[in-house]
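Labels below follow one simple rule: chain letters A, B, ... track the order of the sequence lines, proteins then strands, and each chain is numbered from 1.
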Amino acid sequence: MLSGLLLIPLLGAIALLVWPGAVSGERLRRTCLALLVLQVAWSLRVLWQFDPTISGLQLEEIAPWVGSLGLDYRLGIDGLSLPLVLINGALSLAAALVTSTSTPRPRLYYALLLLISGAVNGAFLAQNLLLFFLFYELELIPLWLLIAIWGGSNRAYAATKFLLFTAVSGVLILGAFFGLALATGTADFSLQPLLGQELGMGMQLLLMGALLVGFGIKIPLFPFHTWLPDAHTEASTPVSLLLAGVLLKLGTYGLLRFCLGLFPDAWQLMSPWLAGWAAVSVLFGSLAAIQQQDMKRMVAYSSVGHMGYVLLAAAAATPVSLLGALFQMVSHGLISALLFLLVGVVYATTGTRDLNVLRGLLNPERGLPITGSLMIAGVMASAGIPGMGGFISEFLVFRGSLVPFPVPTLLCMVGSGLTAVYFLLLVNRVFFGRLSPPADDLDTPLPAVPLARQIPALALTVAVLLLGVAPQALGTLATATTTAMGRAPQRLAALPVSAAPDRLLAGGMGQ
Amino acid sequence: MPIETPIDVPLQAYLVLAAVLFCTGVWGLINSRNAVRVLMSIELMLNAVNINLMAFSSYIDGLEIRGQVFAIFVITVAAAEAAVGLAILLSLYRNRETVDMERFNLLRW
Amino acid sequence: MNRFPLYRIGGPSRLRTRAAAATVRSTRRSFEADMDLFGVLPALTELPHLAAASLASVPLATAPAIGLGITAAQLNSGAIAPEAAILIALLVCLLVDLAGEEAAVRWVPPICYAGLGTALVLLARQWNAPLEPSFLGSFLADDLAVAFRAVVAASTLLSLMISWRYVERSGSPVGEYAAILLAATLGAMFLCGSTDLVSIFVSLETLSVSSYLLSGYMKRDARSGEAALKYLLVGSAAAAVFLYGASLLYGLTGGSTGLDAVGVALQTSATPVTALALVFVLATVAFKIAAVPFHQWTPDVYEGSPTPVVAFLSVGSKAAGFALALRLLVGCFDSFDTQWKLLFTVLAVLSMTLGNVVALAQTTMKRMLAYSSIGQAGFVMIGLVCGTEDGYAAMVLYMAAYLFMNLGAFACIILFSLRTGSDRISDYAGLYQKDPLITLGLSLCLLSLGGIPPMLGFFGKIYLFFAGWADHQYLLVVVGLITSVVSIYYYISVIKMMVVKEPQEASDVVKAYPPITWNLAGMGTLRTALVACVLVTAVGGVLSNPLFTWANGAVTGTPMLQQSIASSAAREATAIAAAPVPPTPAILG
């Protein structure tokens with residue numbers, strides 16, 4: 001069942017690569033789209049079979065693989081991974097849709113797209129640490145190629161930077177996994193038995209530190225974020241969309257699943273610092289975004305800020321905040337994908353992303369009215385205007401975290417306010433005012449964006465709206481899991497003497 | 001089968017001789033610029049080994065004389081090695097018209 | 001200076017490379033040089049016989065003393081049946097070579113395949129066979145030996161498959177080339193199973209002398225000759241050092257050369273002379289596996305030698321070196337394991353660091369792969385230092401994985417240099433458009449060498465690191481992890497050249513790429529070997545469980561390793577038992 005989510009894209013990628021003879025780009029594109037639609041359908045089938053009342057893993061698949069390494073093929077899904085798998089399917093499809101039909105080297109391009117999609121699914125579903133690592137690394141080279149081949153002028157630098165940062169993150173994660181599996185003396189990398197292990201605090205802190213930095217690079221959090229703006233700036237629109245929408249979630253997913261899940265005691269000990277780190281990351285991302293002149297860099301820095309909320313919520317680790325973290329991951333996936341998509345449309349039609357050049361694109365006759373409207377919607381969602389997806393997730397995060405960590409949460413709220421500032425700046429400059437296209441003759445209208453290219457953006461906007469209007473759909477899927485995750489550390493903490501988990505509980509009880 | 005051992009000379013004397021010879025060989029190996037001299041230095045080292053083997057063989061291993069067998073192998077292999085070495089050197093000399101190690105510098109060391 | 005291609009050694013281009021030479025005279029001279037080099041061949045072909053003889057004659061010398069008539073059954077000579085198959089193939093190759101070049105081109109390849117194939121089949125039959133020392137303790141066909149011999153034989157098979165076209169282009173006689181390569185194989189295979197100082201020495205020299213000749217095989221290329229000379233001088237010196245150590249060991253044991261006897265003798269003596277012998281012998285082992293700082297010869301030899309020879313040296317010769325290391329260190333110096341493990345920890349750290357860092361700066365593929373192979377040897381040494389069951393199994397596994405990924409990479413660069421005559425990394429720019437097969441194959445093999453999933457190399461490397469971590473070799477594993485990130489960088493930069501560069505950025509060499517044809521003699525086998533290696537590299541990782549079982553079996557089926565594991569476990573147990581005893585105040589006072 002779950003294997004289908006891996007096999008469809010991965011085998012599809014191989015099939016595209018070895019498809020004999022010269023195949024037209026259009027045909028490859030259609031095959032890729034068909035495979036991605038199939039993948040989405042399959043994930044909907046998984047959704048259909050998924051029982052939201054169970055907090056643990058479902059639909060598990062276990063097969064022995066390499067016994068000597070403690071690596072077995074073990075998949076499972078729960079309320080945390082299911083929404084991310086759905087998002088991955090949808091955004092991969094969107095990325096393939098918005099790819100220009102005349103993209104160079106289509107065979108490699110679509111194969112890599114499928115490869116990434118499959119690898120990300122694998123990472124979300126893997127219930128064995130080494131299996132997770134395998135998929136985590138598997139996505140590395142395809143994404144590197146996607147940036148390095150189809151990127152902008154400075155793509156070689158950005159791609160290599162991405163590669164090295166991610167490789168270092170992989171090494172840290174692998175080291176922590178080794179340490180974990182062997183410190184427990186089992187030499188088995190299956191996740192479930194490891195969850196119940198009790199380690200010494202020193203060891204927990206050490207291993208968790210390695211994991212934190214490893215995933216912190218991927219998320220990215222403040223001092224390790226420098227690869228992200230470069231990668232986004234140079235990557236083409238579909239790749240940016242995937243990167244922001246899906247791949248960053250690997251980091252936060254790892255944070256929740258592994259850091260929080262495997263080291264509950266150390267996590268609780270460190271959580272005030274983590275909350276502080278989250279606040280710093282949020283404020284830094286927001287302030288840096290204000291300074292940007294490039295639309296894409298601005299959205300990229302906003303990602304740094306918004307992913308900080310997830311760390312804050314994870315640090316608080318109350319049921320509400322964890323639900324908020326999941327909401328934030330989903331809504332950020334949708335919103336940032338939407339924003340990158342629209343920035344890509346603007347760049348494609350005007351040839352620039354410079355805030356100092358662009359003016360008045362909302363002009364109904366000669367500008368990009370639909371794109372502009374959607375952009376405003378996306379920006380509102382990102383800034384957390386009620387009724388949109390961003391609001392509900394930020395609300396849940398802050399609601400869950402305010403009691404345990406009032407100061408960092410307030411700082412993060414400030415960051416959220418700053419989001420409004422820089423995005424207003426963006427909208428104000430780019431879409432309002434007098435249209436002055438870079439071309440000499442002012443009368444020529446900008447080329448109209450074909451409706452087909454607007455569909456993914458429209459669909460994403462609708463999804464963002466739906467998430468804001470009807471959050472309970474996602475809530476029912478995830479609540480059981482996040483509640484269990486949120487309680488687990490408290491239970492563990494409550495068992496020894498009396499670590500007074502009142503503060504933590506308060507957040508949960510207040511619901 | 002009893003073997004008469006030269007009792008007058010202690011085993012250590014042979015070992016010291018071999019050690020000196022070996023060190024001489026190493027010194028020549030490091031300091032020679034002429035490739036033929038380098039080959040000769042290697043022969044010196046091998047001969048030091050042979051002295052060692054023969055001495056041990058007659059002092060310690062009088063019955064099975066493994067050392068002497070070993071020495072014969074060393075001599076044979078050294079001959080083959082020297083033949084190959086000189087052949088390579090000769091072909092190189094015909095290409096480069098020198099046997100100076102310092103001038104074999106097409107490849108970075 | 002004109003960086004001429006190695007294979008293009010026809011008169012004119014050859015002459016261009018020499019700065020000041022009277023053209024006619026020099027042509028004649030190099031022709032004479034050919035004659036001279038081949039005058040050596042009789043001496044060379046004696047070596048394999050010598051190797052076999054060494055096995056037989058050590059016991060023969062002892063026979064009168066023991067007072068036994070010795071028959072073939074008592075010698076257990078069936079243990080070297082695979083080597084015998086190769087020896088027969090070697091002799092037939094030489095005979096066929098006498099019948100002229102045409103007959104040689106036609107018949108030598110099938111003869112080699114038959115010999116090596118038979119050897120592999122016979123090796124498979126030896127797997128887990130009841131263990132009995134052969135030739136009165138000179139040779140032991142335990143599972144470890146079988147595994148490493150199989151790696152050596154397979155590497156020769158693949159190296160031969162990728163070299164026919166190359167050898168033919170260079171205008172050298174095919175029969176001789178195959179014979180020398182088979183002789184080297186023979187030496188390497190004997191080395192894997194030798195358990196006596198004499199047989200170790202003779203097989204080591206058989207391997208080495210054949211390797212010198214192979215690396216100097218492009219007689220009219222000055223660089224090849226230079227590489228051969230350097231290899232020969234350093235190798236002979238290393239052999240002499242090894243012999244000196246061996247002669248000391250012979251004396252220390254009181255007159256025996258078997259590794260078991262040496263091991264027993266070493267347990268009771270810890271004199272400075274013993275330490276000296278240990279250092280001498282270890283230096284040779286380190287030389288053979290090209291561990292830093294005994295690696296100096298590698299880049300030069302790799303760059304100067306014909307590429308197929310480098311392919312064999314980097315895999316077959318290195319596998320034999322690791323087998324030797326296991327025999328000597330684990331089987332013989334077990335009582336000194338703290339010392340040699342420390343030493344090899346240092347060597348491994350240096351090898352991983354220097355090999356991978358210097359590889360960053362290389363501009364030619366062969367030199368880059370030379371330094372990368374130094375780094376890879378450092379990774380394998382992690383398994384050696386662990387001394388656990390997993391550690392040894394990881395070594396065997398990684399050598400097997402390395403066989404396929406490295407030979408696959410070499411097949412690709414040989415194919416590229418056959419088509420373009422270039423070896424420079426920058427000349428690979430934009431290759432994807434002209435030659436997708438090389439691009440895909442080389443990319444996959446390099447990714448595998450860099451340890452990217454789901455390639456075979458990923459599993460091998462993870463297993464090594466896992467074994468190292470389980471044995472608390474944190475320093476080694478951390479250095480290994482960091483340097484593998486470094487290695488990813490330089491492997492990736494080659495892939496970047498080939499895949500990422502746009503057609504307009506393609507190198508001149510690629511722009512003038514010849515049309516792809518496979519119908520020339522020897523190209524078919526090259527393609528077969530390339531595709532086979534790449535397939536195993538790419539798919540072998542996902543289906544690697546049998547390989548893991550095999551590697552673990554090689555360790556469990558080897559009494560020598562089991563003893564060492566058991567004794568180190570016992571030592572650990574006593575250490576743990578002794579640890580809780582608090583130090584008495586009397587001692588402190």
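Of the listed residues (C/D390, C/I488, C/V499), the one with the most heavy-atom contacts under 4.5 Å to chain A is C/V499. Contact count versus chain C (heavy atoms, under 4.5 Å) is highest, among A/L163, A/L145, A/I149, for A/I149. Residue with the most contacts toward chain A among C/S493, C/A470, C/P436: C/A470 (heavy-atom pairs, distance under 4.5 Å). Of all the listed residues (A/I141, A/L108, A/L140, A/L17), the one sharing the greatest number of non-hydrogen pairs under 4.5 Å with chain C is A/I141.
A donor-acceptor pair shorter than 3.5 Å cannot be found between the side chains of A/Q39 and A/S92. Between the side chains of C/Y491 and C/S372, at least one donor-acceptor pair of N or O atoms lies under 3.5 Å. A donor atom on one side chain and an acceptor atom on the other are not found under 3.5 Å apart for C/T556 and C/N552. Side chains of A/Y136 and A/S169: a donor-acceptor N/O pair is present below 3.5 angstrom, by distance only.
In this structure, chain A has no heavy atom under 4.5 Å from any part of C/L547. When heavy atoms are compared at a cutoff of 4.5 Å, C/E502 approaches chain A solely by way of its side chain, counted from C-beta outward. For chain C, the nearby parts of A/L138 are the backbone and the side chain; heavy atoms of each come within less than 4.5 Å. At a 4.5 Å heavy-atom cutoff, C/L440 makes no contact with chain A through either its backbone or its side chain. Residue A/L71 touches chain C through its side chain alone, counting heavy-atom pairs closer than 4.5 Å. Looking at A/W144, only its side chain comes within 4.5 Å of chain C, counting heavy atoms on both sides.
Of all heavy-atom pairs spanning C/G441 and C/V534, the tightest one is CA-CG2, 3.6 Å. Pairing each heavy atom of C/F459 with each of C/V542, the nearest pair is CE1-N, 4.2 Å.
Residue C/Y513 qualifies as enclosed at atom OH: its count of foreign heavy atoms under 6.0 Å is above 12.
At a threshold of 4.5 Å between non-hydrogen side-chain atoms, the residues A/L146 and A/I116 count as touching. At a threshold of 4.5 Å between non-hydrogen side-chain atoms, the residues A/Y253 and A/F132 count as touching.
A/E139 and A/K218 are joined by a salt bridge, as a carboxylate oxygen and a charged side-chain nitrogen come within less than 4.0 angstrom of each other.
Residues of residues 479-486 of chain C that come within less than 4.5 angstrom of chain A, heavy atom to heavy atom, are C/L481, C/V485 in numerical order.
In this structure, A/R105 forms a cation-pi arrangement with C/Y432, its terminal cationic atom sitting closer than 6.0 Å to the ring centre and no more than 45° off the ring axis.
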